[in-house]
2 protein chains.
Amino acid sequence: MGHCCYALSEMTDSHQRDRAGKRERLVASAGELLHRQGVSATTLAQVAEAADVPPGNVYYYFKTKDALVRAVVDARIDEVRTMLGSFDAQPDPGTRLKALTRQWVEMRDLVARHGCPLGTLCSELSGRDDGLDREAAKMMSLILDWAEDQFRQMGTPDPRDLAVNLFAGVQGGALLANTFRDPDLMTSHVRHLEHWIDSLS
Amino acid sequence: MGHCCYALSEMTDSHQRDRAGKRERLVASAGELLHRQGVSATTLAQVAEAADVPPGNVYYYFKTKDALVRAVVDARIDEVRTMLGSFDAQPDPGTRLKALTRQWVEMRDLVARHGCPLGTLCSELSGRDDGLDREAAKMMSLILDWAEDQFRQMGTPDPRDLAVNLFAGVQGGALLANTFRDPDLMTSHVRHLEHWIDSLS
DNA sequence: GTCTATAACCAGATAGAC
DNA sequence: GTCTATCTGGTTATAGAC
């Protein structure tokens with residue numbers, strides 16, 4: 001997340017460097033294209049070309065298109081975990097919560113162009129018969145549970161409702177920033193949310 | 001909007017009853033399918049079948065698929081206008097704003113299943129080279145401008161920011177309700193927003 | 001184990017029949 | 001004026017070549 005939104009974990013086994021390299025390039029390219037164009041509008045040929053992999057060759061690395069999408073979602077889940085973990089360095093829950101919302105300010109240009117990478121995925125994957133919608137929901141659950149915990153540490157009543165309120169604000173702000181292609185909308189809206197956080201302590 | 005979310009304006013010319021009837025049935029069916037499945041995942045064959053029109057025949061009524069999508073967006077814009085107009089009956093701006101948010105509570109089941117009919121459209125149509133993204137943005141502009149005006153009537157400072165804050169909350173709540181398939185999330189979140197509105201006056 | 005040629009299918013769009 | 005048979009292109013997926 002954050003500056004390096006489409007980043008993925010480093011490869012570990014140098015024996016399988018090329019293979020893993022291609023696989024990861026495919027997931028990275030797919031993640032970017034899924035964000036920019038949506039899931040069903042993105043073709044495997046586009047993903048292959050963006051990853052510099054021969055077209056049609058995608059099926060060697062992923063049994064089906066859905067499997068590739070699933071890999072993208074799982075990568076996002078990892079990114080969310082890493083992001084939340086990085087906030088532990090902050091001294092108090094209010095500062096940690098503002099470190100969360102600041103992420104969306106930092107990727108405001110990306111958000112204005114293509115929407116929140118998490119929100120658009122959840123929106124498009126919602127209501128699928130396979131488990132992909134639930135997988136996408138995990139991204140949001142991680143954040144909501146984490147935020148709820150922060151509010152609880154602040155000693156506020158109804159920490160879950162506050163977490164939902166905060167993150168709904170972030171997601172709704174991202175949607176409007178995208179709709180109006182206006183990164184500044186994201187910035188000023190998050191400022192509003194941060195003032196709200198400060199008002200609670 | 002509201003209870004009859006996919007409703008369209010009545011036909012006017014009984015001479016063209018069948019023709020207009022089919023055209024409107026196509027727009028209504030398309031609107032529902034676009035909401036349920038998304039734009040690019042919806043095929044014209046599905047729309048034709050849902051509207052009980054011969055497949056392939058869609059092109060007699062709409063030059064292209066984009067033209068059909070545009071007709072759906074325009075119909076939504078009209079629905080938004082009608083909805084906002086219906087709130088004029090309310091006595092004061094605070095009550096009018098709560099009448100707005102109440103709409104999303106009333107369609108909470110629809111929202112939980114397929115997302116906000118306005119938000120998902122804007123999300124998917126954003127960043128298109130044709131003017132469809134701007135057309136979709138009009139739906140949101142109408143609501144934001146109207147809400148801004150209500151806040152201004154309440155005499156609050158920064159009415160535009162408050163309008164954005166309110167509607168971002170609604171849209172974000174809809175996204176989370178959809179992600180977790182939980183209509184109650186929409187209900188309780190809107191209650192939170194309504195308390196916030198009350199706290200301003 | 002890695003990749004390519006091709007199959008099978010389905011989309012949007014059109015020419016022309018009624 | 002209304003509708004249908006068909007075409008073209010592109011997509012997912014696979015069988016089999018290297």
Side-chain angles (χ1 to χ4, degrees), chain A residues 11-73 124-125 128-130 132, chain B residues 11-73 121 124-125 128-132:
Chain A
M11 43 200 158
T12 48
D13 189 358
S14 67
H15 253 96
Q16 297 190 334
R17 188 156 46 91
D18 282 355
R19 187 185 196 282
K22 285 193 182 178
R23 214 195 107 99
E24 297 209 339
R25 254 153 49 211
L26 282 169
V27 175
S29 298
E32 185 165 346
L33 285 166
L34 259 45
H35 182 213
R36 294 166 70 108
Q37 307 182 327
V39 177
S40 52
T42 298
T43 71
L44 295 175
Q46 291 174 323
V47 174
E49 187 183 2
D52 201 26
V53 165
N57 194 357
V58 181
Y59 284 93
Y60 176 64
Y61 298 95
F62 298 95
K63 215 170 48 255
T64 158
K65 182 182 179 180
D66 283 0
L68 176 56
V69 175
R70 186 175 292 268
V72 169
V73 173
E124 198 172 6
L125 294 177
R128 286 177 65 127
D129 45 353
D130 53 5
L132 256 178
Chain B
M11 43 200 159
T12 48
D13 189 359
S14 67
H15 251 99
Q16 298 189 334
R17 188 157 45 93
D18 281 355
R19 186 185 196 284
K22 286 196 182 175
R23 214 195 107 98
E24 296 210 338
R25 254 152 50 211
L26 282 170
V27 175
S29 298
E32 185 165 347
L33 285 165
L34 259 45
H35 181 213
R36 295 166 70 109
Q37 307 182 327
V39 176
S40 51
T42 297
T43 70
L44 294 176
Q46 290 174 324
V47 174
E49 187 183 1
D52 200 27
V53 164
N57 193 358
V58 181
Y59 284 93
Y60 176 63
Y61 297 96
F62 297 96
K63 213 168 51 255
T64 159
K65 183 182 179 180
D66 283 1
L68 176 57
V69 175
R70 186 175 292 268
V72 169
V73 173
L121 251 190
E124 197 172 7
L125 294 178
R128 286 177 66 126
D129 44 353
D130 54 4
L132 256 177

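All chains are named by letter (A, B, ...) in the order of the sequence lines, taking the proteins before the strands, and each is independently numbered beginning at 1.
In this structure, A:R23 places its CZ atom 16 Å from P of C:dG1, rounding to the nearest Å. Remark: P of D:dG9 and CG of B:L44 are 19 Å apart, rounded to the nearest angstrom. Note: OH (B:Y59) to P (D:dC7) measures 17 Å, nearest angstrom. As rounded to whole Å, 14 Å separates atom C1' of D:dT11 from atom CG of A:L68. As rounded to whole Å, 13 Å separates atom C1' of D:dA13 from atom NZ of A:K63. D:dG9 atom C1' lies 15 Å from atom CD of A:Q46, rounded to whole Å.
For the atom pair CD of B:E124 and NE2 of B:H35, the computed distance is 11.5 Å after rounding to the nearest 0.5 Å. Distance check, rounded to the nearest 0.5 Å: CZ of B:R128 to CG of B:D66 gives 4.5 Å. Residue B:Q46 holds its CD atom at 9.5 Å from CG of B:L44, rounded to the nearest 0.5 Å.
Of the candidates D:dT14, D:dT4, C:dC3, the closest approach to any side-chain atom of B:N57 belongs to D:dT4. Minimum atom distance to the side chain of B:Y61 is reached by D:dC3, of the listed D:dC3, C:dA13, C:dT2. Of the candidate nucleotides C:dC3, C:dA13, D:dT2, D:dT2 has the atom lying nearest to any side-chain atom of B:Y60. Here the side chain of A:P54 is nearest to one of C:dC3, D:dC3, D:dT14, namely C:dC3. The A:T43 side chain lies nearest to D:dT12 when the options are D:dC3, D:dT12, C:dA11. Among C:dA13, D:dT12, D:dC3, the nucleotide with an atom closest to any side-chain atom of B:K22 is D:dC3.
At the heavy-atom level, A:T42 lies under 4.0 Å from the strands shown only through sugar-phosphate atoms.
OP1 or OP2 of C:dA13 sits under 4.0 Å from a side-chain N or O of B:T64.
Using a 4.5 Å heavy-atom threshold, the side chains of B:Y61 and B:V27 count as separate. Side chains of B:L121 and B:V39 form a contact here, defined as non-hydrogen atoms less than 4.5 Å apart.
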